[in-house]
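All residue numbers in this chain count up from 1 along the given sequence. Keep in mind the model is a prediction, meaning the values are calculated, not measured. One-based numbering, in listed order, for ligands and for the atoms of each.
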Amino acid sequence: MKNTNTQTNKGGRKVKPTSSAADGLRELFVDELKDIVYAERALLKALPKMAKNASEPKLIAAIEDHIAVTEGQVQRLEQIFEILGESNRGKKCDAMEGLIKEGESIIEETEIGPVRDAGIISASQKIEHYEIASYGTLAAFANTLGETEIVSLLEATLAEEKEADAILTESAYNSINFEAAEEDQE
Ligand code: FE
Ligand code: FE
Ligand code: FE
Ligand code: ZN
């Protein structure tokens, strides 16, 4: 949600809403769904590069697996838009664009091997945590709005994001961080 008004908000003044500003929870909910569908689609385009730059087979497999999972998540979101009778067109997610850019610079700034792998895990976990926060909020909104079918769909995705995060943590703790630390000695 880009808002040029916030740029002059240094002094902490109240921001004037745009003409399309949400005036209720349902509208805010739909706006945030448009944000996350944009984010997931952007991530789908970015993940192959991350897989291509990883070395550890388990990490490559985890990323490739998450590509397939993400495709399912986009379909789930499209299903939600259908239930709501809303268009599934995304709205630019500045956060995901930034997280993907940060991932790209981590790749550039690391040697191929365990160090780059550790960097890719770091970038991926920032992405997963953004998604976990987003889906957690969306599920709470859906719950308040009484959209029980949508709550289940969002919670299914939330569980997948948490699992992806746990797999990344495990590969970092069990091997990749140690291998990357060994590179310090060389
Ligand atoms: Fe996702
Ligand atoms: Fe966003
Ligand atoms: Fe940062
Ligand atoms: Zn994810």
(request) Answer yes or no for Thr157: is there an N/O/S atom below the 2.8 Å cut-off from the Fe ion (ligand 1)? (result) no

(request) Indicate if the distance from the Fe ion (ligand 1) to the nearest N, O or S atom of Glu160 falls below 2.8 Å. (result) no

(request) Return the set of residues passing salt bridge (Lys or Arg N to Asp or Glu O under 4.0 Å) with Glu56 (not counting sequence neighbours), or none when no residue passes. (result) none

(message) Tell me every residue that passes salt bridge (Lys or Arg N to Asp or Glu O under 4.0 Å) with Lys49, counting only those two or more places apart in sequence or in another chain.
(response) Glu104

(message) Of all the N, O or S atoms in Glu161, which has the shortest distance to the Fe ion (ligand 1)?
(response) OE2

(request) Identify, by name, the N, O or S atom of Glu131 lying closest to the Fe ion (ligand 1). (result) OE2

(request) Scan side-chain atoms only and decide if Thr137 and Glu32 contain a donor-acceptor pair under the 3.5 Å cut-off. (result) no

(request) Using only heavy-atom distances, determine whether the side chains of Glu161 and His129 contain a donor-acceptor pair under 3.5 Å. (result) no

(request) Less than 2.8 Å from the Fe ion (ligand 2) is the window; count the protein N, O or S atoms in it. (result) 4

(message) Any salt bridge linking Glu102 with Lys126? Criterion: basic side-chain nitrogen under 4.0 Å from a carboxylate oxygen.
(response) yes

(request) For Glu97, look at atom CD and say whether over 12 heavy atoms of other residues, nucleotides or ligands are found less than 6.0 Å away. (result) yes

(request) Please identify each residue that fulfils side-chain hydrogen bond (donor to acceptor under 3.5 Å, both in side chains) with Thr157, with sequence neighbours left out. (result) Arg76

(request) Applying side-chain contact (heavy atoms from CB on, under 4.5 Å) between Asn88 and each of Glu78, Gln79, Glu82, report the one that passes. (result) Glu78

